[in-house]
> 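Sharing a structure here in structure tokens format.
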Amino acid sequence: MVKKDRYIYPALFSYADDGITVTFPDVPGCITCGDNDEEAFAMAKEALALHLFGMEEDGDSIPAASSSKDIKASSDEAVVLIEVWMPPFRSEMQNQAVKKTLTIPRWLDVAAKEHKINYSHLLQEAIKDHLGIHKD
């Protein structure tokens, strides 16, 4: 699967008294909302990037985008093109910290504290060394 750097999809902004619901006709399951146009637009960009990233990670095929003129909107809806630039989003997601639970003997914990050992840093370095990964 080829990952594109830039995706542009038409979104359907559905207006109601309690806010705006955003759906993507070409990307089923990608839904978000906002209180106003600005917030709905920002949320749409984030939701689309996250959804497409998940599809890429799962090896799913990314659907082609429809032309905005082919999307039929009712009187309380608007078609809005949403663009996402994936390289910085992918980098952010791949470098996101994840929490892991660690269990060690108490005596070792006491010794590590005496030497002011940073468990996270030490574990990252040990895993990289074990896997032969030599990058920051």
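Because only heavy atoms are used, hydrogens play no part in the values below, and waters and symmetry mates are left out as well, while side chains stay in.
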> Quick one: which residue pairs count as a salt bridge (Lys or Arg N to Asp or Glu O under 4.0 Å) with a foot in residues 60-71, not counting sequence neighbours?
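Listed once each, the pairs would be none.
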> Using the test salt bridge (Lys or Arg N to Asp or Glu O under 4.0 Å), find all partners of Asp129 that sit at least two apart in sequence or belong to another chain.
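With sequence neighbours excluded, Asp129 shows a salt bridge (Lys or Arg N to Asp or Glu O under 4.0 Å) to no residue whatsoever.
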> Quick one: which residue pairs count as a salt bridge (Lys or Arg N to Asp or Glu O under 4.0 Å) with a foot in residues 12-26, not counting sequence neighbours?
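Output for this query is empty, none listed.
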> With salt bridge (Lys or Arg N to Asp or Glu O under 4.0 Å) as the rule and sequence neighbours excluded, what pairs involving residues 30-56 come up?
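Qualifying pairs, neighbours excluded: Glu56-Arg90.
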> Is a side-chain donor or acceptor of Tyr9 paired with a backbone partner of Pro63 at a separation under 3.5 angstrom?
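Yes, Tyr9 side chain to Pro63 backbone: donor-acceptor pair under 3.5 Å.
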> So which residues get pulled into Ile104's cluster when ILVMFWY side chains under 4.5 Å apart are joined, directly or through others?
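Ile104 clusters with Leu102, Trp107, Leu108, Tyr119.
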> Under 4.5 Å side-chain heavy-atom separation, chaining through any Ile, Leu, Val, Met, Phe, Trp or Tyr, what else clusters with Ile31? Say none if it is isolated.
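Once heavy-atom contacts under 4.5 Å are chained together, Ile31 still belongs with nothing else.
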> Going by the rule salt bridge (Lys or Arg N to Asp or Glu O under 4.0 Å), which residues pair with Glu57 if we only count those two or more places apart in sequence or in a different chain?
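For Glu57, no residue satisfies salt bridge (Lys or Arg N to Asp or Glu O under 4.0 Å) once neighbours in sequence are set aside.
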> Check the hydrophobic clustering (I, L, V, M, F, W, Y; side-chain heavy atoms under 4.5 Å; chains of links allowed) and say if Tyr15 and Phe41 are grouped together.
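Cluster IDs for Tyr15 and Phe41 match.
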> Which residues satisfy the side chain to side chain contact (heavy atoms under 4.5 Å, CB included) test with Leu123, sequence neighbours excluded?
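Side chain to side chain contact (heavy atoms under 4.5 Å, CB included) check on Leu123 returns Ile127.
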> What residues form a salt bridge (Lys or Arg N to Asp or Glu O under 4.0 Å) with Lys113, not counting sequence neighbours?
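Residues passing salt bridge (Lys or Arg N to Asp or Glu O under 4.0 Å) with Lys113: Asp109.
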> Name all residues meeting the salt bridge (Lys or Arg N to Asp or Glu O under 4.0 Å) criterion together with Arg106; count only those two or more places apart in sequence or in a different chain, and write none if there are none.
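In terms of salt bridge (Lys or Arg N to Asp or Glu O under 4.0 Å), with neighbours along the sequence ignored, Arg106 is linked to no residue.
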> Who are the side-chain hydrogen bond (donor to acceptor under 3.5 Å, both in side chains) partners of Ser14, not counting sequence neighbours?
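Ser14: side-chain hydrogen bond (donor to acceptor under 3.5 Å, both in side chains) contacts with Glu77.
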> With His130, which residues qualify under side chain to side chain contact (heavy atoms under 4.5 Å, CB included), at least two apart?
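Applying side chain to side chain contact (heavy atoms under 4.5 Å, CB included) to His130 gives none.
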